[in-house]
Enquirer: 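First the structure, which I've put down as structure tokens, then a few questions once you've had a look.
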Amino acid sequence: MEPIILFVMVLVLLFLGVPIAVSLGLSSLFIIAFFSNDSMSSVALQLFTASQNYTLLAIPFFILASSFMSTGGVAKRIIRFAIATVGHFRGGLAMASVLACMLFAALSGSSPATVVAIGSIAIAGMRQVGYSKEFSAGIIANAGTLGILIPPSIVMVVYSAATDVSVGRMFLAGVIPGAVAGLMLMIAIYVMARVKNLPAGEWLGFSEFLAGGKEAGWGLFLIIIIIGGIYGGVFTPTEAAAVAAVYACGIALFVYRDMGPLKGMTWVPANAPNTVRVGFMASVYAVSFYFVWLILSFFLMQDTPIESRALVGLVPVAVILFGYPFKKGFSNPFLFVSGLPVWGRNLTLITLRFFPALVHEDTRKVLVDSSKTIVMLMFIIVNALLFAHVLTSERIPQIITDWMVGVGFNWFTFLLAVNLLLLLGGQFMEPSGLLLIVAPVVFPIGMTLGVDPIHLGIIMVVNMEIGMITPPIGLNLFVTSGITGMSLVQVVKAALPFVAVLFLFLILVTYVPIMSTWLPYTLMGPELTTR
């Protein structure tokens, strides 16, 4: 009786317009007060325990990193690199938009942020070369969903917190499915481009590919820091999130200078002699390579002392430092010396404006906006964990498990039922909230039926993706409507052909578990769970 009352009460409150966090909290309190043998003091204990959850601490940091990366020209740099990579195919600009969404997803962990950052630029670019508004909007709405599948993903952290599954394994599990989903969307675009005779861009040359990669490199290096750092054992996922937030802040304020008191100030003055510019770039490439070498060599050569790795790295650094001027047509190998005043000028600027940058209006806006999202999401999570406590204390998952096993469910039919449940729920609820409600119920059932916990997590995340582009509460649909000026009905029709691709992808992920499990279990070993 208690399970029926609990779920009916949650649904009734949601349909009455009560916020999801309040609905979960009130329903849980009602069951504890009137039907459970549990003490009311357990509510305070659960709320305190939830607030002490170390894994959940990653969420505010990832949201903050996403906010810094979503401002300014990071998206423009990523789009330039994506166009240089695939823009020469038929339908190349649309394919580049998908690739840009994939790359930005690896920086933000958020679907709406990906749609806003990439869509506001890419849709206008596609319209200029002859793509219809509907086609452009449909691509961005669907490609933006990759923000929660390609690591780091906030939704994966939520799943891990709800089920005690490894965040690191979940992040690695999303790499191959995320790449496959993006590739499937690109193939669909290429086929449609052939049918509709959409334009193909020009091959801009390998030099443009390198230039785009170098320009976007500081932002994309965040991917290596997060994934490489977790896999290399440098830090935990929560620590990786904190490092990502600090790195994103530094890149936005002091390297790209898209915001803050240094906004608009170039590293090299426009009237600087070419010798100064080339000398400075030689030292930049040398320092950048050395920085990347020290990090990557730690992951690849952990048994080698850092002193040895540092000395080995000096050899290619010297080649870059002395060889770059020759590549640019200068015979002086010590040209980097002429770039030292540029370093002095910029380091002085950064030092003098470091603290003003931290309290600048742009920085405050990013902090306030991210804080609103953090408070909203954490309030949902805390109440959802209380809801999960009620489920556990009343043995509701065990009751449902016994029933499903009794009527003949196996892993195949169970996963089908999970997909149907999540696809239906995703039409009406925000992904994190829905996942926190469903995961504590279906996870024990899945473990009993032999479903891999990492595989189940990826299936749930993909369902959340599709839920973000299905009406009436598909968040990506509203965001796309806002940046294009199209009505919600128009966006839904535009997204429909590509939603079919994601449905096909969902079937593939559901019944080909090795796609999700091979990478994390190869690198980190199997996930151990207690049934």
Side-chain angles (χ1 to χ4, degrees), residues 10-11 13-29 43 46-71 105 108-117 144-145 147-148 152-162 167 238 241-242 244-245 248 363-389 425-440 460-461 464-465 467-469 472-482:
V10 170
L11 291 174
L13 289 173
L14 287 173
F15 279 113
L16 289 176
V18 179
I20 182 172
V22 178
S23 300
L24 294 172
L26 283 178
S27 303
S28 303
L29 286 172
V43 175
Q46 284 302 313
L47 294 177
F48 176 77
T49 303
S51 68
Q52 300 298 306
N53 192 314
Y54 180 71
T55 301
L56 291 177
L57 191 59
I59 293 176
F61 288 122
F62 277 131
I63 292 174
L64 186 58
S66 171
S67 297
F68 277 112
M69 283 297 180
S70 299
T71 58
S108 69
S110 166
S111 286
T114 303
V115 172
V116 171
T145 63
I148 62 172
S153 165
I154 294 171
V155 174
M156 288 183 184
V157 176
V158 171
Y159 173 80
S160 298
V167 177
T238 301
T363 309
R364 290 202 304 270
K365 185 177 185 303
V366 169
L367 293 173
V368 170
D369 290 345
S370 59
S371 296
K372 292 177 181 177
T373 305
I374 291 167
V375 170
M376 178 270 293
L377 189 55
M378 296 306 288
F379 186 52
I380 293 175
I381 290 172
V382 167
N383 282 279
L385 291 178
L386 176 62
F387 179 81
H389 167 70
Q427 297 180 14
F428 301 97
M429 293 181 64
E430 188 270 336
S432 296
L434 175 62
L435 193 146
L436 284 164
I437 294 174
V438 176
M460 297 185 78
V461 172
M464 298 301 98
E465 277 192 275
M468 300 193 78
I469 46 173
I473 315 293
L475 186 56
N476 278 18
L477 298 176
F478 288 98
V479 175
T480 305
S481 175

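Position 1 is the first residue of the sequence; numbering continues from there. Hydrogens, waters and symmetry mates are skipped; everything else that's a heavy atom, side chains included, is used. If you're wondering where the values come from, they're calculated on a predicted model, not measured in any experiment.
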Enquirer: Write down the atom of A65, the atom of A248, and the distance for their closest heavy-atom approach.
Expert: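 The pair with the smallest heavy-atom distance is O-CB, 3.7 Å.
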Enquirer: With sequence neighbours left out, write down each residue that passes side chain to side chain contact (heavy atoms under 4.5 Å, CB included) with A242, or none if nothing qualifies.
Expert: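 Scan of A242 (side chain to side chain contact (heavy atoms under 4.5 Å, CB included), adjacent residues dropped) gives F61.
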Enquirer: Please report the shortest heavy-atom distance between A58 and V157, naming the atom on each side.
Expert: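 Heavy-atom minimum between the residues: CB-CG1, 4.3 Å.
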Enquirer: Rounded to the nearest 0.5 Å, how far does CG of L436 lie from CZ of F387?
Expert: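 Nearest 0.5 Å value for the CZ-CG distance: 10.0 Å.
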Enquirer: Hey, what do you get for CG (L435) to CE (M156), rounding to the nearest 0.5 Å?
Expert: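 Rounded to the nearest 0.5 Å, the CG-CE separation comes out at 11.0 Å.
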Enquirer: Write down the atom of S370, the atom of L64, and the distance for their closest heavy-atom approach.
Expert: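 It is OG-CD1, 3.5 Å.
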Enquirer: Please enumerate all residues that pass side chain to side chain contact (heavy atoms under 4.5 Å, CB included) together with S66, with sequence neighbours excluded.
Expert: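 S66: side chain to side chain contact (heavy atoms under 4.5 Å, CB included) contacts with S70, S108, S110, A113.
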Enquirer: Would you check, one step at a time, whether the test side-chain contact (heavy atoms from CB on, under 4.5 Å) holds for Y159 with V167?
Expert: CA-CA 9 Å; Y159 173 80; V167 177; over 6 Å; no
Enquirer: Does any part of the side chain of I63, heavy atoms only, come nearer than 4.5 Å to the side chain of I59, both counted from C-beta?
Expert: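 The answer is yes, as the side chains (C-beta and beyond) meet within the 4.5 Å cut-off.
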Enquirer: Could you report the tightest heavy-atom contact between N476 and P112, atom names first, then the distance?
Expert: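 Shortest heavy-atom contact: OD1-N, 3.9 Å.
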Enquirer: If you take all heavy atoms of G426 and L434, which pair is closest and at what distance?
Expert: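 Heavy-atom minimum between the residues: N-CD2, 3.4 Å.
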Enquirer: Could you list all the salt bridge (Lys or Arg N to Asp or Glu O under 4.0 Å) pairs where at least one residue sits in residues 366-384, not counting sequence neighbours?
Expert: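 The answer is K365-D369.
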Enquirer: With rounding to the nearest 0.5 Å, note down the distance linking CD1 in I469 to OG1 in T480.
Expert: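 Between I469 CD1 and T480 OG1, I get 9.5 Å after rounding to 0.5 Å.
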Enquirer: List in chain and number order the residues that pass side chain to side chain contact (heavy atoms under 4.5 Å, CB included) with V116, two or more places apart in sequence or in another chain; answer none if no residue qualifies.
Expert: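 For V116 the side chain to side chain contact (heavy atoms under 4.5 Å, CB included) partners, ignoring immediate neighbours, are V479.
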Enquirer: Not counting sequence neighbours, which residues clear side chain to side chain contact (heavy atoms under 4.5 Å, CB included) with P431? List them please.
Expert: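 P431 satisfies side chain to side chain contact (heavy atoms under 4.5 Å, CB included) with V155, M464, M468 once adjacent residues are dropped.
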Enquirer: Hey, could you give me the CD1/CE distance between I374 and M376, rounded to the nearest 0.5 Å?
Expert: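 One finds 10.5 Å between CD1 of I374 and CE of M376.
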Enquirer: Test of understanding: with ring pair (Phe, Tyr, Trp, His ring centres under 6.0 Å), list the residues that count as partners of F62, not counting sequence neighbours.
Expert: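 Listed in chain order: F171.
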Enquirer: Just list the side-chain donor-acceptor pairs under 3.5 Å for residues 15-27, sequence neighbours left out, or say none.
Expert:
from : atom 1 : to  : atom 2 : distance (Å)
S23  : OG     : V18 : O      : 3.3
S23  : OG     : P19 : O      : 3.0
S27  : OG     : S23 : O      : 2.7

Enquirer: Under the side-chain hydrogen bond (donor to acceptor under 3.5 Å, both in side chains) test, which residues partner T145, sequence neighbours left out?
Expert: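 In terms of side-chain hydrogen bond (donor to acceptor under 3.5 Å, both in side chains), with neighbours along the sequence ignored, T145 is linked to E465.
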